[in-house]
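Notes to accompany the following structure.
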Number of protein chains: 2
Amino acid sequence: MQFYQQQLKEKGLKTTYQRLKILDYLDTHRTHPSVEIIYEDIKSENPSFSKTTIYNTIETLKAHGLISTLTITGSEVRCDYKTDMHHHFYCRSCNRIFDVDLEQPLQPGSGLQGYAIDEMHSYFIGTCPACLKKK
Amino acid sequence: MQFYQQQLKEKGLKTTYQRLKILDYLDTHRTHPSVEIIYEDIKSENPSFSKTTIYNTIETLKAHGLISTLTITGSEVRCDYKTDMHHHFYCRSCNRIFDVDLEQPLQPGSGLQGYAIDEMHSYFIGTCPACLKKK
DNA sequence: TATAAATTTGTATTTATTACAATCTAATCC
DNA sequence: GGATTAGATTGTAATAAATACAAATTTATA
């Protein structure tokens, strides 16, 4: 928790129990959880936690580069503690998102001159190995 | 319209006025429109067009590979007549999506062995040249 | 032209997200 | 340390996108 506190301070953000809790949750749950999942999990220990706080905090933490978000499922935002560029695979069957490694990671090229880039995303959609086996 | 009809036939889909109209709309509006935009535009000429039909048709056409969809704005699905792999830039300021060219297009690598891939997406989020100029 | 299967339509519902005002809390100053 | 204040949290209400569903309509085939 010491580290999260330092991160918040560096960004000029107030230290709050909720922010620390959400950072800790995302750090220890690298499963690209939705707001709903985060909410259910945290609420079970801490019933006063509000879902709005999760939306607010996600937005704040993201705006300051402490976390990132994915919109690849098409139905809800998924959160990621990692902020470095990496690739994802979304399995439509089990609804999970996997980190995947590629030989040639995406790079902005000359085709993007003149654009100010805030985020880069690359991902695949399909069926994961585990779900393929089941069929 | 002849061509769209042929495309539908090849995929074993019934020819309907609505499907032809939506295909034609997307072909002539390469602006990655949302369902809402498509609906408003088509409805103005054709008041009986239903929004549900657009959702249904988008899903059907996509399932048969005649169009593709993007979830990069995080708030609504955007449609694309093009189905070949290409890259996008989403401008948060004007809400437009641009096609962009990269030197190194994304390729599934060995890190994806065992996965069945249906879709590949790469995109950037930020501010487009026109919006940068305004500021 | 009659028929069956598929499609369209409109409405109702669900689900994710945002707006907002009241309450509460963390950081700062004395 | 205690008061102050800006900022954060909470809960509820509202919005917006997408889905479910059943009735009406249309397409393709015989």
Side-chain angles (χ1 to χ4, degrees), chain A residues 1-2 4-23 25 32-40 42-43 45-64 66 69-79 90 92 95 97, chain B residues 1 4-23 25 32-40 42-43 45-64 66-67 69-79 90 92 95 97:
Chain A
M1 287 293 194
Q2 203 64 41
Y4 307 134
Q5 191 154 5
Q6 185 192 332
Q7 279 192 307
L8 292 173
K9 194 162 233 168
E10 279 171 7
K11 299 295 181 181
L13 296 172
K14 280 190 180 172
T15 304
T16 68
Y17 173 76
Q18 288 82 350
R19 287 172 177 174
L20 294 174
K21 188 74 195 167
I22 290 172
L23 275 172
Y25 182 89
H32 311 93
S34 64
V35 167
E36 183 64 29
I37 295 287
I38 299 170
Y39 176 66
E40 293 301 335
I42 292 182
K43 199 182 174 67
E45 289 179 17
N46 209 298
S48 75
F49 229 93
S50 162
K51 196 185 281 188
T52 300
T53 296
I54 298 182
Y55 278 106
N56 290 340
T57 303
I58 292 299
E59 190 192 0
T60 302
L61 296 178
K62 176 178 175 162
H64 288 83
L66 299 181
T69 60
L70 306 172
T71 60
I72 75 187
T73 75
S75 65
E76 84 278 291
V77 166
R78 302 281 281 259
C79 301
Y90 171 55
R92 252 198 265 271
N95 207 35
I97 294 174
Chain B
M1 286 293 194
Y4 308 133
Q5 190 154 6
Q6 186 192 332
Q7 279 191 305
L8 292 172
K9 193 162 233 168
E10 280 171 7
K11 299 294 182 181
L13 296 171
K14 281 190 180 172
T15 303
T16 68
Y17 172 77
Q18 289 81 350
R19 287 171 178 174
L20 295 174
K21 189 75 194 165
I22 290 173
L23 275 172
Y25 182 89
H32 312 95
S34 64
V35 167
E36 184 63 28
I37 295 287
I38 299 170
Y39 175 66
E40 293 301 336
I42 292 182
K43 198 181 175 68
E45 289 180 18
N46 210 299
S48 74
F49 230 93
S50 163
K51 196 184 282 188
T52 301
T53 297
I54 298 182
Y55 278 107
N56 291 340
T57 303
I58 292 299
E59 189 192 1
T60 302
L61 296 179
K62 176 179 176 163
H64 289 83
L66 299 181
I67 65 167
T69 60
L70 306 172
T71 59
I72 75 187
T73 76
S75 64
E76 84 278 292
V77 166
R78 302 282 281 260
C79 301
Y90 171 55
R92 253 198 264 271
N95 206 35
I97 294 174

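Quick note on labels: first sequence line is chain A, next is B, and so on, each numbered from 1.
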Inset, instruction - Report which part of the nucleic acid A:S34 touches: base, sugar-phosphate, or nothing (heavy-atom distance under 4.0 Å, all strands). - result: nothing

Inset, instruction - Taking only the side-chain heavy atoms of A:T16 (C-beta and beyond), determine which of C:dT7, C:dA26, C:dT8 contains the nearest atom. - result: C:dA26

Legend entry - Residue mapping more 5' on DNA chain D - nearest nucleotide basis, B:V35 or B:K14: B:V35

Legend entry - Gap between atoms CG and C1', on A:L20 and C:dA27 respectively (whole Å): 15 Å

Legend entry - Over 12 foreign heavy atoms within 6.0 Å of CD, A:E36: yes

Legend entry - Length of the line joining B:K9:NZ and D:dT29:P, which is rounded to integer Å: 7 Å

Legend entry - C:dT8 OP1/OP2 closer than 4.0 Å to side-chain N/O of B:S50: no

Inset, instruction - Compare the minimum distances between each of C:dT9, D:dA8, D:dT10 and the side chain of B:N56, then state the nucleotide with the smallest one. - result: C:dT9

Legend entry - Whether over 12 other heavy atoms sit under 6.0 Å from A:K9 NZ: no

Legend entry - Candidate nucleotides D:dT27, D:dA6, C:dA19, ranked by approach to the side chain of A:T52 - the nearest: C:dA19

Legend entry - From C:dT9, C:dT17, D:dT10, nucleotide with atom closest to B:F49 side chain: C:dT9

Inset, instruction - Give a yes/no answer on whether the side chain of A:Q18 brings an N or O atom under 4.0 Å of OP1 or OP2 in C:dT25. - result: no

Legend entry - Closest nucleotide among D:dT27, C:dA19, D:dA18 to the B:E76 side chain: D:dA18

Inset, instruction - Give the rounded distance in Å between these two atoms: CD1 of A:I54 and C1' of D:dA8. - result: 14 Å

Legend entry - Side-chain donor-acceptor contact under 3.5 Å, A:Q6 with A:Q2: no

Legend entry - Point-to-point distance, once rounded to the nearest 0.5 Å, from OG1 of B:T57 to NZ of B:K62: 14.5 Å

Inset, instruction - Whole angstrom is fine here: how far is it from CD1 in B:I22 over to P in C:dT7? - result: 13 Å

Inset, instruction - For A:S48 and for B:V77, locate the closest nucleotide of DNA chain D by heavy-atom distance; then report the residue assigned to the nucleotide nearer the 5' terminus. - result: A:S48

Legend entry - Distance (rounded to the nearest 0.5 Å) between B:R19 CZ and B:L13 CG: 5.0 Å

Legend entry - Between D:dA18 (C1') and B:I37 (CD1): distance, integer Å: 17 Å

Legend entry - B:Y55 side-chain proximity, nearest of D:dA18, C:dA26, C:dA5: D:dA18

Inset, instruction - Provide, to the nearest angstrom, the distance between the CD atom belonging to B:E59 and the P atom belonging to D:dC21. - result: 14 Å

Inset, instruction - Indicate, with a heavy-atom threshold strictly under 4.0 Å, whether B:S75 touches base, sugar-phosphate, or nothing. - result: sugar-phosphate

Legend entry - Protein-nucleotide distance (B:Y17, atom OH; D:dA28, atom P), rounded to Å: 16 Å

Inset, instruction - Tell me which nucleotide among D:dA8, C:dA27, D:dA17 gets nearest to the side chain of A:R19. - result: D:dA8

Inset, instruction - Please report, rounded to the nearest Å, how far the C1' atom of C:dA12 is from the NZ atom of B:K51. - result: 14 Å

Legend entry - Residue among A:T16, A:T60, A:I42, A:L66 satisfying side-chain contact (heavy atoms from CB on, under 4.5 Å) with A:I22: A:I42

Inset, instruction - Nearest-nucleotide wise, let me know which of A:L13 and B:T57 is further upstream toward the 5' end of DNA chain C. - result: B:T57

